[in-house]
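Keep in mind the model is a prediction, meaning the values are calculated, not measured.
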Amino acid sequence: MTKATATPEAALQGIGSSPLRKEDWPLVRGEGTFVADFKRPGMVHAFVVRSPFAHARFTTIDREAALAAPGVIDVITAQDLPDRGRPIPTRMFKDEGSNRFLQRPLADGVVRYSGEPVAVVIADTRYSAEDAAELLRVDYEPLAVVLDPDDAVAEDAPLLQPHTGTNVAGHLVVEIGALDEAFAGADLVIEEEFWIQRHAAVPLETRGLLAEYDAKTESLTVWGAAKIPHVNRAILARLLGWNDERRIRLIELHVGGGFGARGEFYPEDYLIPFAAMRTGRPVAWVEDREENLRATNQSREQVHRVEMALKADGTFLALKDSFINNTGAYVRTHGMTVPGLSVSMLPGPYRWPAYRGEYRSVVTNKTPGGTYRSPGRFEINFVRERLVDMAAHRLGIDPVEIRRRNLIDRASFPHDTGTLFDGHPVIYDSGDYVLLLEKALAAFDYEGMKRWRKEPASDGLRRGLGMGFFVEKAGPAEREYARVELNENGDVIVYTGTASVGQGVETILAQVCASHLGLPYERITVVHGDTGVIPEGMGAFGSRAAMLGGAAVMRASEEIKRRLLEAAAEELEAAPADLVLTTMGVSVIGAPLRTVSLTRLLSAGGGVIKQEDRFVCELLGFPYGIHFAAVEVDPASGAVHIHRFAVAYDIGRCINPVLVKGQIAGGFAQGVGGALLEEFSFDASGQPLSASFMDYLLPTSEDVPDIEVLITEDAPSPLNPLGVKGAGEGGTAAVGAAIANAVSDALGREVTRLPLNPQRVVELATA
Amino acid sequence: MNRKISVEINGQVVDGLVEPRLLLADFIRDNASLTGTHLGCEHGVCGACTVQLDGRPVRSCLLFAVQANGRRIATVEGMAPSATTLHPLQQAFHESHALQCGFCTPGILMTMEAFLREEPDPTPERIRSALAGNLCRCTGYQNIITAVRLAADRLQQTRA
Ligand code: FES
Ligand code: FES
């Protein structure tokens with residue numbers, strides 16, 4: 001006789017296993033639907049005409065010739081928009097001052113970066129829209145530009161918004177502990193200036209949208225939403241002046257990578273729906289790569305002036321940083337998120353009796369900025385970990401040892417750093433930093449790496465080792481929605497308010513559901529990214545999908561199981577604890593003949609049971625990790641060869657090891673881009689010099705070595721019932737730091753600027 | 001002046017009356033409605049638009065549709081033997097977690113399918129260099145190399 005038991009955990013493919021992804025099948029077959037693949041009857045095409053100047057005034061846009069061109073349906077300029085276009089609000093880290101620097105959908109009299117939208121041409125094909133765009137005449141009168149962060153705060157700097165009297169859009173000072181005393185009592189003070197270059201997320205799929213307006217129901221549908229569909233729906237309603245946002249439906253299709261940039265509310269997110277309403281036709285818009293590299297959020301450009309105070313034995317006493325964050329021409333939806341994260345997370349994994357951090361976020365005539373994977377942290381991890389190595393060099397202490405002496409110890413968790421991020425206290429929820437360090441040193445054979453470093457390298461190459469210890473953050477976005485439905489056939493649908501940006505959210509949420517409902521992974525379908533079927537949601541950003549979305553799915557799944565077992569308990573005259581839920585029904589464990597079928601259990605509910613959950617968490621989770629780099633540097637050519645790279649990362653709890661490692665490997669590749677290759681440069685007039693993949697260098701397979709990864713689960717988060725912390729950003733966080741430390745070690749010179757492209761490395765080697 | 005062309009795509013003849021400047025990529029995506037071929041840069045760098053022209057990988061964003069007149073094109077949609085099975089390369093990508101967003105995947109599959117025909121038993125280093133013309137922003141390439149090697153093993157077994 002067979003025993004009725006729950007499907008064994010392994011067969012469920014729940015938490016901790018690595019089932020094949022639910023997302024893959026259509027994608028490998030070429031049957032995915034990315035926004036450019038989606039068509040609607042009667043659809044027409046938009047082309048956004050952009051400013052060729054970084055800063056200029058204009059009074060007229062002559063559109064007669066463009067309107068008369070073949071195939072052209074409409075040409076839209078600021079004067080056609082209600083209120084000439086309302087400013088796009090920030091959705092995070094609002095700062096009163098920064099409201100003076102918001103972007104309007106179309107430039108109205110002044111353009112402030114090369115690539116700023118000036119008009120939209122609507123035509124029957126993309127080809128004719130682009131042809132007509134050439135016929136548009138705008139009487140630009142160039143103005144003086146300001147590009148560098150330091151220049152932006154100079155006394156005589158050209159102002160982007162002269163009426164404000166400043167280019168400083170946001171300013172914040174954080175002060176903890178007795179700073180002056182700490183510096184006065186220091187044995188060593190290190191002062192340094194660090195630069196991090198402007199680079200960006202650059203997903204392989206550019207942005208795109210398709211909008212359709214139904215005049216009868218006065219409703220709008222927009223395909224191509226990503227990341228935060230519900231939030232963007234609210235912003236769109238507000239800009240359109242609609243009270244009832246439910247008349248707008250945003251639908252996510254397949255999404256070709258996000259990494260922070262995609263899915264924020266951009267000018268086009270208003271202009272394309274507006275064009276659909278105005279023309280009465282479905283309007284499609286797909287950004288080309290050149291636009292993408294001029295118009296989509298850029299990130300990371302910061303200059304830091306730092307001082308660090310230490311005792312002779314290597315004990316950290318104080319850290320002081322004043323930095324300028326170049327946010328580009330306007331403050332976009334992230335508000336002060338990037339500098340806010342930098343200033344609150346610079347202290348990192350160490351004890352600092354005193355800390356002072358200050359940022360000024362400035363506007364300049366460059367593309368506006370936003371977040372990029374490990375925002376604000378890639379930058380400050382470079383700054384802090386470089387400083388720590390410089391201190392180790394000066395004091396003659398081993399870089400590992402100086403870190404070990406200053407790591408926050410296990411007993412001090414939860415550890416309140418005293419800083420705030422966007423109103424949320426930065427309290428490290430859990431951790432055992434020393435344990436991770438010891439595990440990583442052993443797993444990656446650090447002693448062996450040290451021997452390798454001492455061995456003579458061939459051809460004049462120089463070897464170096466470097467590490468970067470970092471704290472990441474996951475969340476916030478205070479709440480997340482889930483609804484789980486089980487039908488009488490044993491099939492489950494999970495509705496989630498999170499979104500997919502290509503990271504595998506369907507797979508991991510199905511795994512969470514499988515574990516907590518006790519039904520197999522393959523019977524579970526996950527639905528996301530459609531404001532028409534999911535009532536609320538905060539989306540996917542800041543590594544929050546597993547943390548908040550997962551917790552909501554877990555609780556809804558458990559509640560369904562509890563309700564069903566309770567209902568069956570009566571019929572079976574058994575205690576719920578002796579019962580098991582299967583795809584057939586509820587049975588007494590060990591007595592399969594005593595079963596109530598799902599059909600019967602669900603008959604009252606019309607063959608289906610539903611459970612909603614809203615998981616709320618005001619606090620942030622803080623995963624932490626270490627990067628190790630072993631490099632060979634050619635001082636003659638400036639080439640940096642990554643010989644070995646290893647990542648140790650404690651993420652609290654790992655839902656899917658294969659996917660987590662995939663996130664880390666992918667994040668690492670982006671970090672390599674930031675450390676060695678990627679840089680947006682501009683000429684003196686503000687013209688972008690890197691508006692193609694010929695000039696903006698994404699890492700190829702030959703630039704990115706295989707990495708070793710150690711995932712640990714030693715410090716589950718107490719903030720959510722799953723214990724997860726989110727794992728999306730730790731692969732990127734300290735790549736710049738670790739590689740810069742390794743190159744410094746190799747050359748015996750202190751790196752203070754990224755990226756370490758050949759030119760900079762040669763300069764450094766010969767300095 | 002529009003031109004009449006006729007291209008065989010995945011074994012089916014597709015006729016079109018096209019502008020000489022129409023990109024092959026747009027012809028495949030719009031005229032033939034095969035949208036598995038993606039455009040990531042439209043200037044020949046990313047490889048997302050890779051298809052095979054008479055069996056050899058080419059960037060469909062760098063060719064005009066008229067240049068494919070009378071020739072044979074293969075796209076990702078033609079790879080899988082049926083609606084319920086995958087080509088060994090596709091299967092290996094699925095099993096090795098060689099894709100995240102999947103936007104680069106069709107171009108990489110078309111490049112690697114041709115590569116494995118030329119070089120059925122490549123080392124990981126050879127795969128790495130054959131892959132260098134295709135950008136992937138998500139995976140870090142490691143799993144793609146593993147997948148191609150896995151597919152090479154399986155394809156060799158079926159041939160043996
Ligand atoms: S789209 Fe053809 S190479 Fe990028
Ligand atoms: S999987 Fe996203 S670009 Fe390759």
Side-chain angles (χ1 to χ4, degrees), chain A residues 18 20-21 23-34 36-39 126-127 201-206 254-259 286 288-290 500-504 658-659 661-670 672-673 692-694 698-707 731, chain B residues 19 21-22 26 29-30 33-46 48 75-80 83 86-87 89-91 93-106 109-110 124 127-146:
Chain A
S18 296
L20 295 185
R21 291 205 320 166
E23 292 84 350
D24 289 351
W25 187 267
L27 296 172
V28 294
R29 295 175 64 88
E31 291 165 358
T33 309
F34 295 88
D37 306 338
F38 192 69
K39 300 187 169 73
R126 164 90 183 200
Y127 287 74
V202 192
L204 202 60
E205 183 202 17
T206 57
H254 279 117
V255 175
F259 319 121
V286 177
D288 69 25
R289 183 57 65 187
E290 190 255 350
S500 167
V501 282
Q503 78 279 47
V658 166
L659 261 58
K661 287 183 182 163
Q663 284 290 309
I664 291 175
F668 162 66
Q670 294 180 326
V672 169
S692 84
F693 280 165
M694 255 89 83
L698 296 189
T700 71
S701 56
E702 301 207 301
D703 301 311
V704 185
D706 288 358
I707 57 165
Chain B
E19 282 188 74
R21 65 170 173 172
L22 184 76
D26 289 338
R29 292 177 47 81
D30 299 336
S33 298
L34 294 170
T35 55
T37 300
H38 297 152
L39 288 165
C41 69
E42 293 176 271
H43 51 254
V45 179
C46 75
T75 72
V76 66
E77 288 92 340
M79 271 186 103
L86 297 176
H87 182 280
L89 253 178
Q90 294 172 314
Q91 182 67 29
F93 270 57
H94 181 38
E95 289 175 27
S96 310
H97 187 34
L99 62 150
Q100 290 182 28
C101 78
F103 193 78
C104 66
T105 311
L109 289 170
M110 295 318 285
I127 300 171
R128 185 179 289 283
S129 68
L131 191 58
N134 289 80
L135 294 175
C136 172
R137 191 56 158 167
C138 300
T139 64
Y141 305 103
Q142 194 162 339
N143 290 347
I144 299 178
I145 293 165
T146 309

B:Leu34 side chain reached by B:Thr75 side chain, heavy atoms, under 4.5 Å: yes
Interface moiety of A:Ala36 toward chain B, non-hydrogen atoms closer than 4.5 Å: both
Interface residue of largest heavy-atom contact number with chain A, from B:His43, B:Met79, B:Glu19, B:Arg29, under 4.5 Å: B:His43
Donor-acceptor pair between B:Asn143 and B:Thr146 side chains, under 3.5 angstrom: no
Segment of A:Glu31 engaging chain B (4.5 angstrom heavy-atom cut-off): neither
Contacting moiety of B:Thr139, where chain A heavy atoms sit under 4.5 Å: backbone
Engaged part of B:His38 at the chain A interface, taking heavy atoms whose separation is under 4.5 Å: side chain
Which portion of A:Pro26 sits near chain B, non-hydrogen atoms under 4.5 angstrom: neither
Criterion salt bridge (Lys or Arg N to Asp or Glu O under 4.0 Å) on B:Asp30 and A:Arg126, from CA distance to verdict: CA-CA 12 Å; B:Asp30 299 336; A:Arg126 164 90 183 200; over 6 Å; no
Interface residue of largest heavy-atom contact number with chain A, from B:Gly36, B:Gly40, B:Cys104, B:Ser33, under 4.5 Å: B:Gly40
Under 4.5 Å from any heavy atom of chain A - which part of B:Glu42: side chain
A:Phe34 and B:Phe103 aromatic ring geometry - parallel, tilted or perpendicular at 30°/60° bounds: perpendicular
A:Val286 portion near chain B, given a 4.5 angstrom heavy-atom threshold: neither
Closest non-hydrogen atom pair, B:Cys46 against A:Leu204: CB-CD1, 4.1 Å
Top contributor to chain B interface from A:Glu290, A:Arg29, A:Met694, A:Glu205 [non-hydrogen pairs under 4.5 Å]: A:Arg29
Contact origin within B:Leu135 toward chain A - heavy atom pairs under 4.5 Å: both
Residue B:Leu22 versus chain A: region with a heavy atom under 4.5 Å: both
Top contributor to chain B contacts, counting heavy-atom pairs under 4.5 Å, from A:Val202, A:Thr206, A:Asp288, A:Thr33: A:Val202
Most contacts with chain B, counted as non-hydrogen pairs under 4.5 angstrom, among A:Leu27, A:Val28, A:Ile664, A:Val658: A:Val28
Side chain / backbone / both / neither for A:Leu659 at chain B, heavy atoms under 4.5 Å: both
Considering all heavy atoms, the nearest B:Thr37-B:Glu77 contact: N-OE2, 4.4 Å
Under 4.5 Å from a heavy atom of chain B, the part of A:Lys661 involved: neither
Rounded distance (nearest 0.5 Å) linking atom OG1 of B:Thr105 with atom CD1 of B:Ile144: 7.0 Å
Proximity breakdown for B:Asn134 and chain A, heavy-atom pairs closer than 4.5 Å: neither
Spacing of CG belonging to B:Leu99 relative to CG belonging to A:Asp24, to within rounding of 0.5 Å: 4.0 Å
Residue pair A:Pro699 / B:Arg137, side-chain heavy-atom distance below 4.5 Å: yes
Contact origin within A:Gln670 toward chain B - heavy atom pairs under 4.5 Å: both
Side chain proximity check, A:Asp37 to A:His254, heavy atoms < 4.5 angstrom: no
Between B:Cys136, B:Ser129, B:Ser96, the one whose heavy-atom pairs under 4.5 Å with chain A are most numerous: B:Ser129
Structural part of B:Val45 lying under 4.5 Å from a heavy atom of chain A: side chain
Where B:Val76 and B:Met110 come nearest, the two heavy atoms and their spacing: N-SD, 3.5 Å
Rounded distance (nearest 0.5 Å) linking atom SG of B:Cys138 with atom CD of A:Gln663: 8.5 Å
